[in-house]
Amino acid sequence: QVQLVESGGGLVQAGGSLRLSCAASGRTFSSYAMAWFRQAPGKEREFAAAISWRGVSGIYADSVKGRFTVSRDNAKNTLYLQMNSLKPEDTAVYYCAAGSTGIATSRGSGYGYWGQGTQVTVSS
């Protein structure tokens with residue numbers, strides 16, 4: 001079992017930055033692939049970024065590529081999402097997810113554990 005708790009959301013002006021964190025419980029965190037998904041009001045959940053258990057590099061949605069960076073600290077059981085050059089269209093609830101295959105994927109079905117989410121609001 002893995003429990004995930006996101007933090008770091010808030011209100012920021014367009015062009016600003018935020019760093020989200022996801023604290024994971026469980027001894028097997030280092031073997032899981034981790035991801036960030038987001039859901040804007042009235043829209044379906046969409047993939048943002050993911051990182052494999054190795055944590056060497058991430059995969060990104062085209063909409064965030066070059067602005068967001070996903071990383072992990074396995075010693076701290078924590079996943080991060082550094083978000084720069086934020087835009088109003090980045091406004092959403094951001095969810096952390098964990099997948100036992102260890103392979104980063106953009107598909108939500110690849111992750112069996114989800115956090116409760118943290119709200120990010122970008123004002124214009």
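All values below come from the heavy atoms of this structure, side chains included, with hydrogens, waters and symmetry mates left out.
Residues Gln119 and Thr91 form a side-chain contact, since some pair of their non-hydrogen atoms from C-beta on lies under 4.5 Å apart. Considering only heavy atoms from C-beta on, Trp36 comes within 4.5 Å of Cys22 through its side chain. Counting heavy atoms from C-beta outward, Phe47 and Thr105 have side chains that stay 4.5 Å or more apart. Side-chain atoms of Glu89 and Ser124, non-hydrogen and from C-beta on, never get closer than 4.5 Å to each other. Side chains of Thr78 and Tyr80 form a contact here, defined as non-hydrogen atoms less than 4.5 Å apart. Within the 4.5 Å cutoff, no side-chain heavy atoms of Val93 are placed close to those of Gln116. Annotation: side chain of Tyr113 is in contact with side chain of Gln1 (closest heavy-atom distance under 4.5 Å).
Atom OG of Ser21 is separated from atom CG of Leu81 by 9.5 Å, given to the nearest 0.5 angstrom. Annotation: the span from Glu44 atom CD to Arg38 atom CZ amounts to 14.0 Å, rounded to 0.5 Å. How far CZ of Arg19 is from CE of Met83: 11.5 Å, rounded to the nearest 0.5 Å. Rounded to the nearest 0.5 angstrom, Trp114 CH2 and Cys96 SG are separated by 9.0 Å. Atom CD1 of Ile51 is separated from atom CD1 of Ile103 by 14.5 Å, given to the nearest 0.5 angstrom.
Below 30°, between 30° and 60°, or above 60°: for Tyr94 and Phe68 the angle between ring planes is between 30° and 60°, a tilted geometry.
More than 12 non-hydrogen atoms from other residues, nucleotides or ligands lie less than 6.0 angstrom from CD of Gln39. Residue-environment remark: CD (Gln3) stays at or below the threshold of 12 foreign heavy atoms within 6.0 Å.
The heavy-atom pair separating Gly108 from Arg45 by the smallest distance is CA-NH2, 4.1 Å. Nearest heavy-atom pair across Met34 and Ala98 is SD-CB, 3.5 Å. When all heavy atoms of Arg67 and Leu86 are compared, the closest pair comes out as NH1-CA, 3.9 Å. Among all heavy-atom pairs drawn from Tyr95 and Gly115, the shortest one is CD2-O, 3.6 Å.
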*Could you please spell out the steps behind the side-chain contact (heavy atoms from CB on, under 4.5 Å) verdict for Trp53 and Asn74?*
CA-CA 9 Å; Trp53 70 275; Asn74 287 342; 5.8 Å; no
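The one candidate from Val70, Leu4, Leu20, Asp73 that meets the side-chain contact (heavy atoms from CB on, under 4.5 Å) condition with Leu79 is Val70.
Of the possible polar contacts, one joining the Thr118 side chain to the Gly9 backbone as a donor-acceptor pair under 3.5 Å is found.
By the 6.0 Å and 45° rule, Arg72 stacks over the aromatic ring of Phe29.
Judged by distance alone, the side chains of Asn84 and Ser17 do bring a donor and an acceptor atom under 3.5 Å apart. Defined by atom type and a distance below 3.5 Å, a donor-acceptor pair is missing between the side-chain atoms of Ser52 and Arg54.
Lys87 has no carboxylate O lying under 4.0 Å from a charged side-chain N of Asp90, or vice versa, which leaves the two without a salt bridge.
Taking the ring centroids of Tyr111 and Phe37, they lie under the 6.0 Å cut-off.
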